[in-house]
Structure formats: structure tokens, C-alpha cells
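These notes are about the structure you will find just below.
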Protein chains: 2
Amino acid sequence: MLDAAVQVFSRRGFHAANMDEIAELSGVSKPMVYAYLGTKEELFVACLQRESMRLVDNLQAAADPTLPPDQQLWQGMRGFFEFVGAHRDGWSVLYRQARNQHPFSVVVNAMRETVLEVITDRLDAAVRAEGRQAKSEDITAMALTLVGASESLADWLADHPEEDAGRTATRLMNAVWLGAEQLLRGELWRPGQE
Amino acid sequence: MLDAAVQVFSRRGFHAANMDEIAELSGVSKPMVYAYLGTKEELFVACLQRESMRLVDNLQAAADPTLPPDQQLWQGMRGFFEFVGAHRDGWSVLYRQARNQHPFSVVVNAMRETVLEVITDRLDAAVRAEGRQAKSEDITAMALTLVGASESLADWLADHPEEDAGRTATRLMNAVWLGAEQLLRGELWRPGQE
DNA sequence: CAATAAACTTACGCGTGCGTAACCTTACGT
DNA sequence: ACGTAAGGTTACGCACGCGTAAGTTTATTG
């Protein structure tokens with residue numbers, strides 16, 4: 001039933017989606033949808049909450065703080081891309097439909113804020129491990145870069161079912177870990193032993 | 001009159017915006033809006049076209065093919081961030097409202113595709129200048145990374161008026177040109193002489 | 001096997017907002 | 001002055017879709 005809602009919201013967007021279609025796809029009548037899941041807004045929020053929980057779970061399951069920073073980063077990215085690949089509709093609802101639509105944006109942005117905090121903390125720890133320290137706004141900018149680049153590749157992944165989550169994560173590592181300069185010179189980052 | 005529309009669409013989104021409000025903010029009556037700019041959809045598309053033209057103009061005005069690749073990249077980014085800083089409502093309408101809303105997404109995605117092509121060509125040229133060649137999908141991934149990271153920082157910039165376009169571009173250069181690895185070690189990329 | 005409650009459906013009231021018909025008013029030629 | 005047209009406004013028809021009242025079937029209990 002939630003699955004049906006996610007599917008319809010993904011295809012049509014919040015406004016264009018109508019409750020009759022969701023009910024029909026669920027195989028029940030409209031008043032049942034209202035009885036179980038409340039209004040259209042409440043239903044949408046329920047979808048958002050389930051999908052964002054899945055996303056964050058996938059990120060954190062991939063976190064192993066004992067590994068070196070690049071491995072941690074790669075694993076986090078792979079977890080994220082695996083969620084996107086496995087739940088394309090969920091991704092679409094979260095980032096293409098809800099992200100900028102009041103009042104749903106607050107839910108999504110809260111989740112994005114959480115993700116940003118996690119990454120910021122990791123970066124900070126990695127810098128400290130080098131015996132250095134960086135301005136917090138520089139760390140923030142780096143985290144924003146990582147998240148934005150991930151979202152962009154995620155969108156691409158969502159539209160290319162043939163692509164593999166691990167390969168996508170590796171591509172992103174090459175871009176953001178080594179940097180464009182190294183890449184132009186032919187250097188490559190490779191995932192270590194699993 | 002278009003300005004008023006962009007402002008309202010930016011604040012409310014396409015669906016929540018109503019023509020009465022746009023008319024009132026324009027200082028004319030509703031039938032006049034219809035007379036000059038057509039239906040709500042046509043009006044929205046007109047906004048999109050103006051803003052996307054501005055954005056692309058800003059990107060290309062900043063292009064100087066004689067400079068080394070990193071300088072070209074930085075100038076392109078700065079041009080882009082300057083557009084965002086100067087037209088926050090326009091940015092909001094393009095990327096937060098229209099990007100995933102049929103049938104407007106086709107307009108925005110066409111523009112994004114153009115930008116991606118420009119960047120892809122530049123990257124390709126830079127790789128060739130090093131006497132190397134890369135798989136096209138790797139170049140594509142790098143371009144997607146650059147664009148995604150730019151969008152993420154642009155969104156951040158749009159909500160932080162105190163921030164400077166040039167500084168944002170420099171931050172992004174540090175992240176994507178040098179790479180996170182260099183950055184953790186304390187290296188910094190700096191814009192050359194202007 | 002009636003009486004009643006639970007589970008579900010059909011059919012509709014109602015608000016909202018797009019797009020326009022009908023109406024007004026100011027300028028201009030005759 | 002007066003017909004007429006350009007340029008404007010007010011007021012409304014209409015479709016759409018959310019949420020629910022009223023009605024119907026299926027289960028349950030004395």
C-alpha cells in the first residue's frame with residue numbers, strides 16, 4: 001500500500017498524483033487509504049519517512065570507523081548508491097519530489113542535514129588524524145561537495161539500470177578523492193581488498 | 001511582470017502559486033497577464049527560458065579557452081555562482097521548482113545537458129592535452145560530479161547571502177581539482193593572477 | 001436465525017483556482 | 001458632442017480532486 005503510494009508519487013509528483021489512482025493501484029477503495037494512512041499529506045510524509053530511514057540505514061550499515069578514510073568514504077558511497085539502485089522510486093520521491101516542496105522539504109532536509117553532519121565529523125576526524133586542523137567552513141564545503149556529487153551521480157544511476165552501485169562509487173572516488181588534476185594525468189584510485 | 005512571476009513561483013512552487021497573486025504583484029489585473037503571457041504553463045516556461053538563458057550566458061562569458069584547464073574550470077564555476085548569487089529566485093525556480101516537474105523538466109534538463117556537454121568537451125580536451133585518452137563514461141562521471149557539486153554549493157550559496165561567489169568557486173576547486181586526499185594533507189589550490 | 005457490529009464501497013459535497021465572458025472607461029477621429 | 005475602438009477590470013463558469021456521508025456486504029454473537 002505504501003509501495004503503491006511511492007510508485008505513484010514517484011511518477012506523478014505530489015500534486016499531480018491523485019488519491020484515486022493510489023487506491024486503485026493498492027487494490028482497495030479510497031476511504032480505506034484514508035482510514036489506514038490518513039490524508040494525502042500524511043500519506044506522503046509516511047512515504048518520506050520510510051524511504052529516508054532506509055537511506056540512512058544503508059549509509060550507516062556501510063560505516064566501519066576502523067578503516068582508513070578513503071575506504072570509509074567509498075563504503076558509505078557504495079551503501080548510498082545501493083539504496084538508490086534498489087529503490088529508484090524511493091529516491092525519486094525523496095529528492096525529485098519532496099526536496100523543495102513545503103512542508104515536506106523539512107523532512108528531507110533534516111535527513112540531508114544528518115548525512116552532512118556524519119560526513120563533516122568523519123572529515124574532521126581524518127584531518128585531525130593527519131595532525132592538522134581546518135576551518136569549519138572548508139570542511140562544510142567539502143561535505144557539500146561530496147553530497148552534491150553523490151546526488152548527481154545517484155540521479156544518473158536511477159536512470160541507468162545497467163549501471164552498478166560499486167562502480168559508480170569508484171568513479172566518484174576517483175573524482176573527489178584524487179581530484180580532477182590527478183585524473184587528467186591518468187592516475188586512478190582503486191578500492192582496496194574487501 | 002516576469003520578475004513578479006519568478007518571485008512568486010520561487011516562493012510557492014508552480015502548483016501552489018496562483019495567478020491572482022502574480023497579477024497583484026505585477027500591479028495589473030489577471031486578464032492582462034493572460035493577454036501578454038498566456039496560460040500559467042506558458043508563463044512558467046517563459047520564466048524558465050529567461051533564467052536558463054541567463055545562466056548559460058554567465059557560464060560562457062566566463063570561458064577563455066587559452067587558459068590552463070584549472071583556470072578555465074574556476075572561471076566557469078565563478079560565472080555560475082555569480083548567476084546564482086545575483087538571481088536567487090531564478091536559481092530556485094530552475095532547480096528547486098522546475099527540475100522534476102513535468103513538462104518543465106524537459107526545458108531544464110535540456111539546459112543541464114548543454115552544460116554537461118560543454119564540460120565534457122573541456123575535460124576531453126584537457127586529457128588530450130596531457131597526451132592521454134580516457135573512457136567516455138569516466139569523463140561523463142567526472143562532469144556529473146562537477147555539476148552535482150556545483151549545484152549543491154549553489155543551493156548553499158542561495159541561502160547564505162553573505163557568501164561570495166569567487167570564494168565559493170575556490171572552495172569547490174579545492175575539493176574537485178586537488179581532491180579530498182590533498183586537502184586532508186593541507187594543500188590548497190589558489191586562483192592564479194586574474 | 002435475527003441482531004448487530006465490522007469492513008468495505010459507492011457516490012457526492014465542497015473549496016480552490018484557472019481561464020474568460022461581460023462590462024467599464026478612457027482616448028481619438030469625425 | 002458622439003460613435004467607436006483600445007485597453008483595462010470585475011465577476012463568474014467550470015473542472016478537478018480531496019475528504020466523507022450514506023449505503024452495502026460480510027462476519028459475529030446471543
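Lettering follows sequence order; numbering is per chain, from 1.
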Do A:D159 and A:R88 sit within salt-bridge range, that is, some charged N less than 4.0 Å from a carboxylate O?
no

- Salt-bridge contact B:K30-B:E24 (side-chain N to carboxylate O under 4.0 Å): no

Residues pairing under salt bridge (Lys or Arg N to Asp or Glu O under 4.0 Å) where one sits in residues 104-113 of chain A, two or more places apart or in two chains, turn out to be A:R112-A:E151

- Treating Ile, Leu, Val, Met, Phe, Trp and Tyr as nodes and any side-chain heavy-atom pair under 4.5 angstrom as an edge, say whether A:M53 and A:F44 lie in one connected cluster. no

Can you get from A:V118 to A:W74 by hopping between Ile, Leu, Val, Met, Phe, Trp and Tyr side chains that sit under 4.5 Å apart?
-> no

The ring pair (Phe, Tyr, Trp, His ring centres under 6.0 Å) partner of B:W91 among B:W156, B:F83, B:F81, B:F80 is B:F80

Could you tell me the separation between the [atom1] atom of [X] and the [atom2] atom of [N], rounded to a whole number of Å?
X: A:E21; N: D:dC16; atom1: CD; atom2: C1'; value: 15 Å
X: B:E24; N: D:dT9; atom1: CD; atom2: C1'; value: 14 Å
X: B:M19; N: C:dT20; atom1: CE; atom2: P; value: 11 Å
X: A:D20; N: C:dC12; atom1: CG; atom2: P; value: 15 Å
X: A:H15; N: D:dC18; atom1: NE2; atom2: P; value: 11 Å
X: A:N18; N: D:dG17; atom1: CG; atom2: C1'; value: 7 Å
X: A:I22; N: D:dG17; atom1: CD1; atom2: C1'; value: 12 Å

Rounding to the nearest 10°, end axes of the helix from C:dC1-D:dG30 to C:dT30-D:dA1 built from five pairs each make an angle of 30°

From the list B:V127, B:L123, B:I119, B:T120, side chain to side chain contact (heavy atoms under 4.5 Å, CB included) partner of B:M142 resolves to B:L123

- Query: With sugar-phosphate meaning primed atoms plus P, OP1 and OP2, does A:A23 contact a base, only sugar-phosphate, or nothing at under 4.0 Å between heavy atoms?
  - Reply: nothing

### Message
Mind checking if B:A16 touches a base, just sugar-phosphate, or nothing, with heavy atoms under 4.0 Å?
### Response
nothing

Regarding A:T170 and A:W189, do their side chains bring together a donor and an acceptor under 3.5 Å, going by distance alone?
no

So OG1 of A:T114 and CD of A:Q60: to nearest 0.5 Å the spacing works out to 8.5 Å

Residues in residues 27-45 of chain B with a heavy atom under 4.0 Å of DNA chain D, by number, are B:S29, B:P31, B:M32, B:Y36

